[in-house]
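As C-alpha cells, the structure follows; a few thoughts come after it.
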Amino acid sequence: MDLRAGDSWGIIACLCTVLWHLPAVPALNRTGDPGPGPSIQKTYDLTRYLEHQLRTLAGTYLNYLGPPFNEPDFNPPRLGAETLPRATVNLEVWRSLNDKLRLTQNYEAYSHLLCHLRGLNRQAAAAELRRSLAHFCTSLQGLLGSIAGVMAALGYPLPQPLPGAEPAWAPGPAHSDFLQKMDDFWLLKELQTWLWRSAKDFNRLKKKMQPPAAAVTLHLEAHGF
Amino acid sequence: MPAGRLGPAAQSARRPPPLLPLLLFCVLGAPRDGSGAHTAVISPQDPTLLIGSSLQATCSVHGDPPGPTAEGLYWTLNGHRLPPELSRVLNASTLALALANLNGSRQQSGDNLVCHARDGSILAGSCLYVGLPPEKPFNISCWSKNMKDLTCRWTPGAHGETFLHTNYSLKYKLRWYGQDNTCEEYHTVGPHSCHIPKDLALFTPYEIWVEATNRLGSARSDVLTLDILDVVTTDPPPDVHVSRVGGLEDQLSVRWVSPPALKDFLFQAKYQIRYRVEDSVDWKVVDDVSNQTSCRLAGLKPGTVYFVQVRCNPFGIYGSKKAGIWSEWSHPTAASTPRSERPGPGGGACEQRGGEPSSGPVRRELKQFLGWLKKHAYCSNLSFRLYDQWRAWMQKSHKTRNQVLPDKL
C-alpha cells in the first residue's frame, strides 16, 4: 500500500487498516505485524492439502471395506454417525457466523474427528493403510495447531482441551463389524465435508482480514491511474 | 433383538457408550431421514467360515405393526444382488438366505452381506469372514548387525492367501533360560519380518519361531536355533577409494577401511569386490580377498570408467565356525583407467617406441594378453610380475618373429 504522507485518502485508508486490525493488535506499536493473515492463508492451504490427501486415503480405505462401501453414491443409514460433528449448515447461519464462532466450530470439529480417526481400530488393515491413516492423523493434528494459531493471533480463547474420554462424542465400542464399517464410512464422509467447508471458512476469514482495498482504489483513481 | 458385542461393563467408567440407547432406538424402529432406518437384524452377525462351507442366514425386521414386513426384502453380497432362489420368506418378518460352497472373502475386512428393504435402503448388514486357517510359516532366516540386534525374515505358509487377516508373531527365547519373548517391530525389511533392537545375549543359542494366527486357527513354524555370533553381519566398508596405478592403463587400485563397528572384536574379515564398466550391467566379482584392505584390479580396459563396490563378511567372529553374513555393498566408487598411449585393438595410427616391437605384432599380442588377463584378473602382486614376465618374453620372441611378419599382415 503506497500512501503519500499528508494525502487525506491515504490517512483514511491507513486508519481503516489500523482499526481493522485492532482486535488482533492490542498494542498499536505492532503496526509492523502482518497480523493473522499469513496464518489464515496457511490454514486455508492446509485444508486444501488435507482434502487432497483424504481423497487418496478414503479411496484406499473404502476399497478395503469392500463393495458397496466403495461404490459412488453409497448412502447407508447414519447411526453412530450422529455423534459426529456436522459440517452441513444453513447458508444464512454460516454467513452470519462471527469469526470467533466460525473458528471455534472448526477447531472443535477437527478435535472430534481426529479422536474418532485415531480410534479406528483397523487391526486387519494392511500395514500400508495403517501408515497412511497415521500420516493423515498427523496432518490433521497440524491443521488443529494451525487453527489454534489463528485463534491466538486474533485473541480468541481455545476451546477447552477435550480429554479422550468425553462421553458425548467419544467413539463407541465396536458393535457389529458391519455397523463399524458404516461408522467408518460416515467418518470419512464427514471429514471430507468439513474440509470443503473449512476451505470456505478460511477463505472468508482471509477476505475479512485483508486491508480494505476500496480506499486505495479511490485514491488511485483520483490521481488518474 | 439386537446382536453385536456390547459389554458396557468392560468399558472404562469414563466412556459410557451411547450404544445401548441407540440400539433400543433402533429396535423401536423409528425411521430417520425417510431413507429407512436400521430396523432389522441379520443373524449370524460377523460369522467366520471355512472356504467351501455353507451359510444359513436370516434377516428379521422389527417394528410396530403394520410396520415393515419381510415382503420385498432382498439380499446383496458385496454389492451384488443375490438371486431370489437363494432366499425364502420364513415368516411375516423374516427372510432367510442359503449360501453354499462359499469362496474366500473378497476383502480382509469381510464380505458385506446386506439385507435391503424393497426401496433398496439398507436395513442391516453382517460381515462374512470366509477363508482358511494359516499354514505353517517356514524359511526363517535371521541376521545380527554388529551383534547389537537381530532381524528375522520368514515365508508365510505354502498357500499364502488365507483370505483372512493373519497375524504373525515372532517369538524367541534363550535355549536354557525358559522365558518366551515376542518381537515388537514388524515389517522392517518386507511384510514378513521383525526386528529385535536390543537385550540380546551372546554365547547361548536362541530358539526362534513364528506363530501365525487368524480367525480360523493358528500355526507355528519349526523352531530355528541359532547363535548370534554365527549370523553376524556388518556395515559395508567405509572410505572405499579407487585410484590409478601410475600410468598403467589396465589396472586400478582399490583401498578401503575395515568396518569400524567391529574393530574391537577379533575376526577374520573376508571381502568381496565387484566392478563393472560404466555402461554395463554385468558385474565382475573378485572373491578371494581375505583380511586385506587393498586390492589391485588388473586386465581392465584402458580409458574406461569403472564402478567399484566392496562388501565385508565378518566370519569367525569370536571363534564362530560358521560363515558369517555378507554386508551390503558399499556405495559405488568410480574411477577411470588411463587412456591407452598406444592404440588398442582396432585403433588408429601406431606410435613407435624405442626397443618395442613394431605395431603389427604388438597389437595382436596385446590383444591376446589382455584377453588372457581378463580371465585371470585377481589381486596380488603376482599379476604385476606376470606382466613383466610377459614383456620379457615379448622381447625375446620379437627377435624370432620379426622376419616372418610382413607376410602375415
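In what follows, chains carry the letters A, B, and so on, assigned in the order in which the sequence lines appear, proteins first and then strands, with residues in each chain numbered from 1.
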Gap separating the OH atom of Tyr64(A) from the CD atom of Gln107(B), nearest 0.5 angstrom: 9.0 Å
Short side-chain to backbone donor-acceptor contact, Asp177(A) and Cys127(B), under 3.5 Å: no
Mind checking whether Leu113(B) and Phe178(A) have side chains closer than 4.5 Å, heavy atoms only? no
CG/Asp46(B) to CG/Leu179(A) distance, rounded to the nearest 0.5 angstrom? 8.5 Å
Quick one, Glu128(A) and His187(B) - any side-chain contact, counting heavy atoms below 4.5 Å? no
For the side chain of Asn112(B) and the backbone of Pro67(A), is there at least one donor-acceptor N/O pair under 3.5 Å apart? yes
Measure across Gly66(A) and Ser109(B) and return the closest heavy-atom pair with its distance rounded to 0.1 Å. N-OG, 4.5 Å
Flag, side chain of Lys181(A) to backbone of Gly110(B), donor-acceptor distance under 3.5 Å: yes
So do Phe74(A) and Ile122(B) actually touch side chain to side chain, heavy atoms under 4.5 Å? yes
Give a yes or no on whether Glu71(B) atom CD has more than 12 heavy-atom contacts from other residues, nucleotides or ligands under 6.0 Å away. no
Would you find a donor on one side and an acceptor on the other, under 3.5 Å apart, between the side chain of Ser176(A) and the backbone of Gln45(B)? no
Return yes when atom NZ of Lys42(A) has more than 12 non-hydrogen atoms of other residues, nucleotides or ligands closer than 6.0 Å, and no otherwise. no
